[in-house]
Every structure is written in structure tokens, then in C-alpha cells.
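Okay, structure first, notes after.
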Amino acid sequence: MTTLKPKPMDIELYLAAASPLPQSSPDNGINDTIATAFRDLLASRSISNHDILSYKSPTGSTLLHVASLKENLNIVKVILSCVGYSITSPNSKGDTVLYLAARSEHVAVVNTLVHRREKDIGLSRVKNLRGNTAAHEAIMGGHCQTMEVLVGCDPRVSMILNNEDKPVLYIAVKA
């Protein structure tokens, strides 16, 4: 895994990843416009594909964390198309991009992340500082559809114990 020296994320980069995107249909071109504008911003800053995930917010979140949390699927896809290494880096709370998307019930982002890394099935098994997988976070938030995507990608994730010795399946049945 490549370790990048953290660089401070300025407000313009943060807003580019965090700004709410308008709802659009596939044929109105807004998705391409947003993706192009984000790529242009990165190019204007001479930010290489390799360096995209080195920019961190004060909480240790990368641009991918921010875009995932804000459900900016196009920005998530742009960043994923640029990075060729692991996307399991946690923020300062130990949360990966997958946790943030699962906890926030961003099903499309979760689906994109798990299918982007199909060969890296470990992404869905990574635990945060609370010992939870993304599936734990999803089911504790009552996000059944998100949990279904995660368990569908890796059925074994339903049996992983968190710090309270509770598997996802147990939490789901108790809910």
C-alpha cells in the first residue's frame, strides 16, 4: 500500500467534493459537466492522480471521504478512476469511505465502492475504531438496502464480530 504525505485540503477542494449535486437524468449532460469541472480543478492545481488522496481535511478525511459522505457519486467515480491503490485509508475516527457511505445510507456510493474493489473483498471487512464493519454501521442506522449490498458482495461480513462481540446478523435480527 502506498503511503502519501498528507497535504492540507483547502476550502475550494473541500467544496468541490462536498457541494450538493443537482439531481439529473442521464441525458442532460450535467454529470459530465460536474466531472469535467472537478478534473479541471485538479489539473489547475497540478494535482496528479497519485496525489488525489493525499489532501486531507482537519479530520483526516480525503476528497473521497468527503464525496462519499455527501453522496456525490460522480465525484466518487472521478476519484476512483484516478486512484490505482487501496481506498481503505481511514480518517481520524478510523472510518473509511465505505463506512461513511454505509452509515449515511448512500446505496449508490456503497455499490460503486464495493464493485470497484470486487477483487479486494477485504474492503467490506475492515473495522473502524469502534470495531464495526460498514455492514455494522449500515444496520445500526436501519439502512437495510445498504446492508444488503454489502452482504451481497461478501456474505461472510454478516458474521464478523464488532467490539461488543455482535455480528451484523445478530444486530439485524434484534432490530
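- With contacts defined as side-chain heavy-atom distances shorter than 4.5 Å, the pair Pro167/Leu161 qualifies.
- In plain terms, the two heavy atoms of Arg130 and Lys93 that are nearest each other are NH1-O, 4.0 Å.
- When atom types are taken as modelled, the side chain of Asn128 and the backbone of Gly94 share no donor-acceptor pair closer than 3.5 angstrom.
- Annotation: the span from Arg156 atom CZ to Met159 atom CE amounts to 11.5 Å, rounded to 0.5 Å.
- For the pairing with Leu42, the side chain to side chain contact (heavy atoms under 4.5 Å, CB included) check across Asn49, Ile79, Ile47 returns one residue only, Ile47.
- Going from atom NZ of Lys56 over to atom OG of Ser92 covers 9.5 Å, rounded to the nearest 0.5 Å.
- Interatomic distance, Met140 CE to Lys166 NZ, rounded to the nearest 0.5 Å: 9.5 Å.
- With values rounded to the nearest 0.5 angstrom, Lys127 atom NZ is found 6.5 Å from Ile160 atom CD1.
- With a 4.5 Å cut-off on side-chain heavy atoms, Leu98 and Leu150 count as touching.
- Nearest heavy-atom pair, Asp154 versus Ser124, reported as atom, atom and distance to 0.1 Å: OD2-OG, 3.2 Å.
- Residues Glu12 and Ser44 form no side-chain contact, since every pair of their non-hydrogen atoms from C-beta on lies 4.5 Å or further apart.
- The main-chain N or O of Asn91 is never found under 3.5 Å from a side-chain atom of Ser61 such that the two would form a donor-acceptor pair.
- In terms of heavy atoms, Thr62 sits closest to Leu53 at CG2-O, 3.3 Å.
- Of all the heavy atoms in Leu73 and Thr112, the pair that sits closest is CD1-OG1, 3.3 Å.
- Shortest non-hydrogen contact noted between His106 and Lys70 is NE2-C, 4.3 Å.
- No donor-acceptor pair under 3.5 Å is formed between the side chain of Asn74 and the backbone N or O of Ala35.
- One hydrophobic cluster, built from ILVMFWY side chains closer than 4.5 Å, holds both Val66 and Leu41.
- Partner of Asn162 under the side chain to side chain contact (heavy atoms under 4.5 Å, CB included) criterion, out of Ile171, Thr133, Val168: Ile171 alone.
- Leu113 approaches Val76 most closely through the heavy-atom pair CD2-CG1, 4.3 Å.
- Considering CD1 of Ile75 and NZ of Lys77, their distance stands at 11.5 Å, rounded to 0.5 Å.
- No side-chain N or O of Ser68 forms a donor-acceptor pair with one of His65 less than 3.5 Å apart.
- To the nearest 0.5 angstrom, Gln145 atom CD is 7.0 Å from Glu105 atom CD.
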